[in-house]
Q: 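For reference, the structure I am asking about is given below.
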Amino acid sequence: MNPLAGGIGIFVGVAFLLVCLGVAFVAFKVLKRTVKMAFRIAIVAIILAIAAAGSIFFIMLGKDEPLHPPTRTAQPRR
């Protein structure tokens, strides 16, 4: 059984995404005066890529399905 079964994993994935979106927005506003636009967008893109990857990871962990299909044991031949 997955450690984050059911809705908990989905909730954690969405919460992680929202927190990272907030961090990206704050970083974009804080860097407004000190850094050029291209560099600001690159930093925000990196934060959003991490947010998307982390959210997908947590949502996949939250599914009730096993991550790997069960392996079948070898049956003796008759």
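Model, not experiment: these values are computed from the prediction. What's counted below: heavy atoms across the whole structure, side chains too, no hydrogens, waters or symmetry copies.
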Q: Please determine which of Arg40, Lys36, Met37 meets the side chain to side chain contact (heavy atoms under 4.5 Å, CB included) test together with Leu31.
A: Arg40

Q: Check whether Phe25 and Phe39 end up in the same hydrophobic cluster, where Ile, Leu, Val, Met, Phe, Trp and Tyr are linked by side-chain heavy atoms less than 4.5 Å apart.
A: no

Q: To the nearest 0.5 angstrom, please state how far the CD1 atom of Ile56 sits from the CZ atom of Phe16.
A: 11.5 Å

Q: Decide whether Val14 and Leu17 are clustered together by the hydrophobic rule: side chain heavy atoms of Ile, Leu, Val, Met, Phe, Trp, Tyr closer than 4.5 Å, transitively.
A: yes

Q: I need the minimum non-hydrogen distance between Cys20 and Ile47, along with the two atoms involved.
A: O-CG2, 3.6 Å

Q: Atom OG in Ser55, atom CG in Leu18: separation rounded to 0.5 Å?
A: 8.0 Å

Q: Find the distance between CG (Leu48) and CD1 (Ile41) and round it off to the nearest 0.5 Å.
A: 11.0 Å

